[in-house]
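Take a look at the structure set out below.
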Amino acid sequence: MKLKNIVKYKLLAPVNRLLSLKYDLEKRSILEVQLQGGLCNKLLCLFAACEIAQKNNFQIVEPEFGWRKKILFSDIYDIDFFNQSMSEHFGGRNIMVTAATIRNENLKKKVRYDKFCLWEHSGKSLSHLRRHKVIYSNSMMIHVLKSLKLRKEFNAIVDNHLNAPIAVQFRIETDWVKYSKRKKVGTNETLLIDPQQLVEMLKDIHMKEVFFTTGEDQLLVQTMLEKSNIKSSYFYDSHLEYEINAAINFEILSQSQTFIGLSRSSFSNLISLKRHLILNNPENYIYNYDNKISKRVDYGLYTSPHDSITISPKII
């Protein structure tokens with residue numbers, strides 16, 4: 001896509017979705033982006049930003065992350081590794097510029113994409129893949145996932161939490177409770193699960209030990225597991241920003257032997273994609289369909305639980 005096409009796209013979008021167009025677009029070279037949602041929704045926006053940057057020879061100012069307070073990409077991930085890994089797809093140059101560099105150089109040649117534009121871009125890309133039942137192994141989504149490496153001090157935490165044979169995401173946080181009240185799903189689907197119900201499912205498959213993740217009420221979940229004679233462990237450090245905790249748990253679940261999540265969560269879906277396509281581990285399951293744990297075959301592509309266990313997309 002040429003730069004003039006980006007201008008056309010921005011002008012056609014609703015005005016409240018765009019930032020100012022007062023600058024001379026032909027002179028811009030730095031892409032500023034806003035990311036939306038939790039950790040993995042922000043990553044979906046980042047995939048879109050990197051795709052736009054590649055097509056237009058831009059660099060990206062490292063974006064802000066954080067759920068409860070603002071932090072930077074480099075507060076979570078190794079930005080040098082990211083640039084090195086991504087450089088082969090960007091003509092050998094660094095794709096991401098640190099916020100400090102931008103402040104020091106006072107660069108003014110900027111293109112701005114707000115969170116709504118990136119979310120829309122990402123949504124269209126995913127809809128295309130789902131409609132055509134395909135995943136492009138050379139896509140920007142896959143390149144970025146391969147290039148995300150936690151900072152060194154966080155990788156050590158991951159290594160210490162890989163002992164349990166199975167890892168489970170309990171999606172019961174306050175934001176999910178609110179979302180479940182307005183999201184309509186089919187009769188065979190459970191969007192917000194009672195944690196005790198999920199514990200019973202784990203008992204039914206004779207699980208003796210698990211690592212679990214949830215953003216809230218970890219002690220409640222652990223107590224339920226213990227009462228069912230299931231040994232459990234989790235990681236959550238209140239001294240770390242919420243999305244740093246999420247990113248660490250993302251890696252623990254990605255590297256675990258077996259993973260159980262739900263198809264409506266972008267967190268579960270990106271973990272399943274990384275595990276199956278990048279780490280060659282197909283042991284990925286969902287618990288949000290037909291009141292049982294079922295193996296997913298979709299590489300994490302579909303949000304519909306039925307599709308996630310019945311459609312196996314072609315990898316090109």
Side-chain angles (χ1 to χ4, degrees), residues 38-40 42-43 65-69 71-82 84-85 144-173 195 198-199 202 205-262 265-285 287 293 300:
L39 175 71
C40 286
K42 286 185 174 75
L43 291 181
F65 281 75
W67 185 253
R68 291 172 179 158
K69 68 176 182 179
I71 57 175
L72 294 171
F73 176 91
S74 59
D75 291 320
I76 306 176
Y77 298 107
D78 184 333
I79 193 170
D80 292 330
F81 178 86
F82 183 81
Q84 181 180 6
S85 178
V144 173
L145 269 181
K146 288 180 177 179
S147 302
L148 293 174
K149 180 180 179 182
L150 293 175
R151 289 166 57 105
K152 185 177 180 179
E153 61 267 34
F154 303 144
N155 270 313
I157 297 172
V158 173
D159 292 340
N160 289 329
H161 287 83
L162 296 176
N163 297 322
I166 190 168
V168 186
Q169 179 192 7
F170 282 74
R171 191 66 165 100
I172 56 174
E173 298 86 351
L198 181 49
V199 171
L202 295 173
I205 60 173
H206 309 291
M207 188 50 53
K208 300 297 183 183
E209 181 179 1
V210 301
F211 174 90
F212 72 89
T213 185
T214 181
E216 300 174 12
D217 296 324
Q218 293 90 355
L219 291 178
L220 172 66
V221 172
Q222 189 167 55
T223 299
M224 289 180 176
L225 289 164
E226 289 177 352
K227 287 182 178 179
S228 295
N229 296 316
I230 300 175
K231 182 180 178 181
S232 68
S233 60
Y234 67 89
F235 174 79
Y236 189 85
D237 185 343
S238 60
H239 296 97
L240 298 175
E241 210 286 322
Y242 190 87
E243 287 186 357
I244 294 179
N245 277 287
I248 292 171
N249 277 277
F250 184 99
E251 287 305 315
I252 295 171
L253 272 58
S254 294
Q255 296 181 41
S256 64
Q257 297 176 37
T258 301
F259 170 60
I260 301 175
L262 66 162
S265 165
S266 59
F267 188 79
S268 279
N269 291 345
L270 285 185
I271 288 171
S272 296
L273 175 62
K274 179 174 180 176
R275 287 171 56 85
H276 200 163
L277 187 61
I278 298 174
L279 300 179
N280 298 312
N281 187 345
E283 294 302 310
N284 305 294
Y285 298 80
Y287 60 75
I293 294 173

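Heads up: numbering here begins at 1 and tracks the sequence.
- The minimum heavy-atom distance linking Asn249 with Phe235 is given by the pair ND2-O, 3.1 Å.
- Across all non-hydrogen atoms, the minimal contact from Val210 to Leu225 is CG2-CD1, 3.9 Å.
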Pair Asp75-Leu72, side chain to side chain contact (heavy atoms under 4.5 Å, CB included): steps then yes or no: CA-CA 5 Å; Asp75 291 320; Leu72 294 171; 3.6 Å; yes
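- Judged by distance alone, with hydrogens and angles left aside, the side-chain atoms of Ser74 form no donor-acceptor pair with the main-chain N or O of Ile79 at under 3.5 Å.
- The shortest non-hydrogen separation linking Met207 to Pro165 is SD-CG, 4.4 Å.
- Considering Ser265, Ser266, Ser254 in turn, Ser254 is the only one that fulfils the side-chain contact (heavy atoms from CB on, under 4.5 Å) rule with Ile271.
- Using a 4.5 Å heavy-atom threshold, the side chains of Lys152 and Asp78 count as separate.
- Distance check: Gln257 CD to Phe211 CZ gives 13.5 Å after rounding to the nearest 0.5 Å.
- A distance-only check finds a donor-acceptor pair linking the side chain of Asn245 to the backbone of Leu240 [under 3.5 Å].
- Across all their heavy atoms, Gly66 and Lys42 have their closest contact at O-NZ, 3.5 Å.
- Looking at Leu43 and Phe267, their side chains never come closer than 4.5 Å, going by heavy atoms from C-beta outward.
- When side chains are defined from C-beta on, Ile260 counts as touching Leu202, because their heavy atoms get closer than 4.5 Å.
- In terms of modelled atom types and a separation under 3.5 Å, the side chain of Thr258 and the main chain of Glu283 share no donor-acceptor contact.
- With Arg171 contributing its side chain and Gly261 its backbone, the two residues share no donor-acceptor pair below 3.5 Å.
- At most 12 heavy atoms of other shown residues, nucleotides or ligands fall within 6.0 angstrom of atom CD in Gln84.
- With rounding to the nearest 0.5 angstrom, the CE atom of Met224 is 12.0 Å from the OG atom of Ser232.
- No donor-acceptor pair under 3.5 Å is formed between the side chain of Arg68 and the backbone N or O of Glu241.
- With a 4.5 Å cut-off on side-chain heavy atoms, Val221 and Ile172 count as touching.
- Between the CG atom in Leu253 and the CD1 atom in Ile166 there is a gap of 10.0 Å [rounded to 0.5 Å].
- The closest donor-acceptor contact from the side chain of Asn284 to the backbone of Phe259 lies at 3.5 Å or more, if one exists at all.
- With values rounded to the nearest 0.5 angstrom, Tyr285 atom OH is found 9.5 Å from Ile293 atom CD1.
- Side-chain atoms of Ile244 and Phe65, non-hydrogen and from C-beta on, never get closer than 4.5 Å to each other.
- Leu273 contributes atom CG, which lies 6.0 Å from atom CD1 of Ile278 (distance to the nearest 0.5 angstrom).
- Using a 4.5 Å heavy-atom threshold, the side chains of Phe250 and Leu150 count as separate.
- Side chain of Asn281 to main chain of Gln255: no donor-acceptor pair is present (N/O by atom type, distance under 3.5 Å, no hydrogens or angles).
- Residues Asn269 and Gly300 share a closest heavy-atom pair of CB-O, 3.2 Å.
- Once rounded to the nearest 0.5 Å, the distance linking OG of Ser256 with NE2 of His161 reads 13.0 Å.
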Criterion side chain to side chain contact (heavy atoms under 4.5 Å, CB included) on Phe170 and Gln218, from CA distance to verdict: CA-CA 9 Å; Phe170 282 74; Gln218 293 90 355; over 6 Å; no
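- Using a 4.5 Å cut-off on side-chain heavy atoms (C-beta onward), Tyr234 and Ile252 make no contact.
- Side chain of Tyr236 to main chain of Asp217: no donor-acceptor pair is present (N/O by atom type, distance under 3.5 Å, no hydrogens or angles).
- No donor-acceptor pair closer than 3.5 Å links the side chain of Ser85 to the backbone N or O of Phe81.
- At least one side-chain heavy atom of Glu251 sits under 4.5 Å from a side-chain heavy atom of Lys274.
- With hydrogens and angles ignored, the 3.5 Å screen pairs no side-chain donor or acceptor of Asn160 with any backbone N or O of Ile157.
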